[in-house]
Amino acid sequence: MKLVRFAGLLISAAAFVSPTLSVAAAAPLNYDAWMNRQAPAADPQARDAFVENLLRQMTLDEKIGQLRLISVGPDNLRPDVIKDIAAGRIGAIFNTVVARDIRPMQQAAVDNSRLKIPLFFAYDVLHGHRTVFPIGLGLAASWDMEAVATSARIAAQEAAADGLDMSFSPMVDITRDPRWGRVSEGYGEDTWLTSRIGQVVVRAYQGTDLTAPDSIMAGVKHFALYGAGEGGRDYNTVDMSPQRMAQDYLPPYKAAVDAGAGGMMISLNSINGIPATSNKWLLQDVLRKQWGFKGLTISDHGAIHELMRHGVARDGREAAKLAIQAGIDLSMNDRLYAEHLAPLLRDGDIAQEDIDRAVRDVLAAKYDLGLFADPYRRLGPASEDPPDVNAESRLHREAARDIARRSLVLLKNDKQTLPLQKQGTIAVVGPLHDSQRDVMGSWSAAGVAKQSVSVLTGMQRAVGDRVRLITAHGANVTDDPAIQRYLNEYLPDVVVDPRPAQAMIDEAVQAAQAADVVVAVVGEAQGMAHEASSRTDIDVPPSQKRLLEALKATGKPLVIVLMNGRPLSLTWEDANADAMLETWFAGTEGGNAIADVLFGDYNPSGKLTMTFPKNVGQVPLYYQHLNTGRPFNPAAPNKYTSRYFDIENGPLYPFGYGLSYTQFSLSDVSLSSKAIKARDPLTASITVRNTGKRAGETVVQLYLQDLAGSISRPVKELKGFQKVMLQPGERRTLQFPITYDDLSFIGNDLKRVVEPGDFKVHVGLDSQDVKEAQFTLQ
Ligand code: NOJ
């Protein structure tokens, strides 16, 4: 076995070979395999011995240096950064994404710092790295765990091939308020589904061997409850009952811990008055003690500093003290640890152990990543740097197209408007119809807009000369100059057409009049569904709405292709479009994938994972609500029930909803038993049939409801699903095992319980259109 001398220690480096940096073509992954395989933890004894030995050799300054994570952006490699690294004053770097730029920093650490402790390099790899896949909300809408795993595996391979060691993802915040721009990054409103997707992503990133040159560490975020900010306003206060936290909001983070996630980013919000960053209960009692998390905690950007603005720290010194004592290991772009930890220790305000504990976690993460054995594990030698980091050969277009197609959700399709014929004339209009930037979505990592496929390009490629495509911009994303300025504050992402709005509409109407059908690509610019992009109005912006109204007035069949990162309120669009396709931000191959669906080369199968309300006033609106004492019953409306009197109640499109070009029917649901005892096996069976004329896939969903418990239980909770492909006329009987654990919930005493009584089983093609059966747990 090869041994490497490191900081006076000999460690084994069996894998100290030139890493394979070429990204292998992604073989399809088996979801079950990923659910069951997990990177084995490093031998804890060897790791602990190594870390302790190293710790003993470190000065206080070197220890504090390890706790500093700084942002070094592209072309931002300042000499002072190299100097700080060589002096042991920096532990990790984020935002540098090219091996060529990363290598000199690693060299400064490994060649010039006293103890030669390697850095690690992190980045926000949310939904792809060089190849951009659909945004999180879109990936979730595929209900396809193999697709999710493949996207994450490729992202890991591409990120690692650029020299990165860690991703700040998956984002597993439960999101029930579409006003929040970051709902785009997560997997939706459901706890059970988000937990599973988060686990798949963690496992796909970390692979079967975290030290492998194509594995990266998952930095799960944002712990905790970041998605529950009041009013959907970013960074806002969270006030929540412990019971709801434990039942609905915390399980996805716990699931990620169970899947072996190495890192956890701590959220910017406060929880019941205490910021997550200084929250001992959260970071120690829940994360470490209850869940057994052994990894690395990372503050979010500037969060330690923000403890002062939260009003829990008088000054920077107190902020640093609160954070280190709460259990924040790594401070992100914050100088407070560097400035205050030493004086705090000197004055006896913190203990040596507070610092050592954090340093241990940083060193252990580096050990787990294999960086002590080979700091260049993911970088390779300079001679192997890709001559062109954006080379076509580095992209995974085929997988991106396939995964993107699976994420699209058909919301409406009257009179078989879709799929479109590959003949005649089509007007392709709207501000997003040829956008390469928006189709990638926000947090598009190292994706390059000019490499992504717009809707127009995808359609052109699909039809060649067979169809005449007439195009028109039709409208700006928004006519509001203040919003235009906001969206372009940092990068000029939104190109504003200076023509008068009416002139643009007239041009689009002319195109429509000359066409057989209109495809209007409208929605949000990617920057509208991002961090710091909360909206009070979730309609299609007025400039685009006016365009749609004018197009409707032409009387031509109207297909709305939506690009957006949150549930929008689409009441007008639903009433007026002939067909509507939700495409989220579908990534590098978005345009091709959308064209595949528009022209019927792929039969859509995606289903929503967030409820679409009729209007913003209904928010939060989610399927797994409590019944209340006065539930609204649309079949027998009653004034004194929980309702709004000024609209038709209920969602526009419920959770789990999505159409196909074929139709499916469900039989009644049957149960293997009507009465069970604890832990008796129980299975729900249902037969799904393709009653249409095309082959297609659908997602059959199983929900449970505990009818009477010691606390009120939701009207339904997702507990299983199966995605099935059926040929025309084909039927298949699906079995859904219902486990004892599925019947459990968190009681008022915060303990998980299963209570005897009656349960309803709902099986459906969405969360509303269900077949029901009932059983008793004796
Ligand atoms: C702040 C964001 O909240 C977080 O999600 C992200 O990972 C960091 N910035 C680093 O970019």
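Atoms within a ligand are numbered from 1 in the order they appear, just like the ligands themselves.
Which parts of ligand 1 touch Met265 is read off a 4.0 Å heavy-atom cut-off, strictly below it: atoms 4 (C), 7 (O). Interface atoms of ligand 1 facing Phe168, defined by a heavy-atom separation under 4.0 Å, are 7 (O). For ligand 1, the atoms sitting less than 4.0 Å from at least one non-hydrogen atom of Lys221 are 4 (C), 5 (O), 6 (C), 7 (O), numbered in the order shown with element in parentheses.
Atom NE2 of His530 is surrounded by more than 12 heavy atoms from other residues, nucleotides or ligands within 6.0 Å. Remark: Arg233 CZ is loosely packed, at most 12 non-hydrogen atoms of other residues, nucleotides or ligands lying under 6.0 Å away. By the neighbour-count criterion of 12 heavy atoms within 6.0 Å, atom CZ of Arg244 is sparsely surrounded, having that number or fewer from other residues, nucleotides or ligands.
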- Does the pair Asp438 and Ser435 meet the rule for a side chain to side chain donor-acceptor pair (under 3.5 Å), with working shown? CA-CA 6 Å; Asp438 295 294; Ser435 173; 2.7 Å; yes
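Under 4.0 angstrom from ligand 1, there are no non-hydrogen atoms of Glu185. When non-hydrogen atoms are compared, ligand 1 lies under 4.0 Å from the side chain of His222 (C-beta onward) but not from its backbone.
Taking the six-membered ring for Trp and the full ring otherwise, Phe655 and Trp143 have centroids separated by under 6.0 Å.
For the pairing with Tyr226, the side-chain hydrogen bond (donor to acceptor under 3.5 Å, both in side chains) check across Asp300, Asn269, Asp173, Asp234 returns one residue only, Asp234.
Polar contact with ligand 1: present for Asp124 (N/O pair, distance under 3.5 Å).
In terms of protein heavy-atom proximity, atom 9 (N) of ligand 1 is closest to Asp300 OD1, 3.4 Å.
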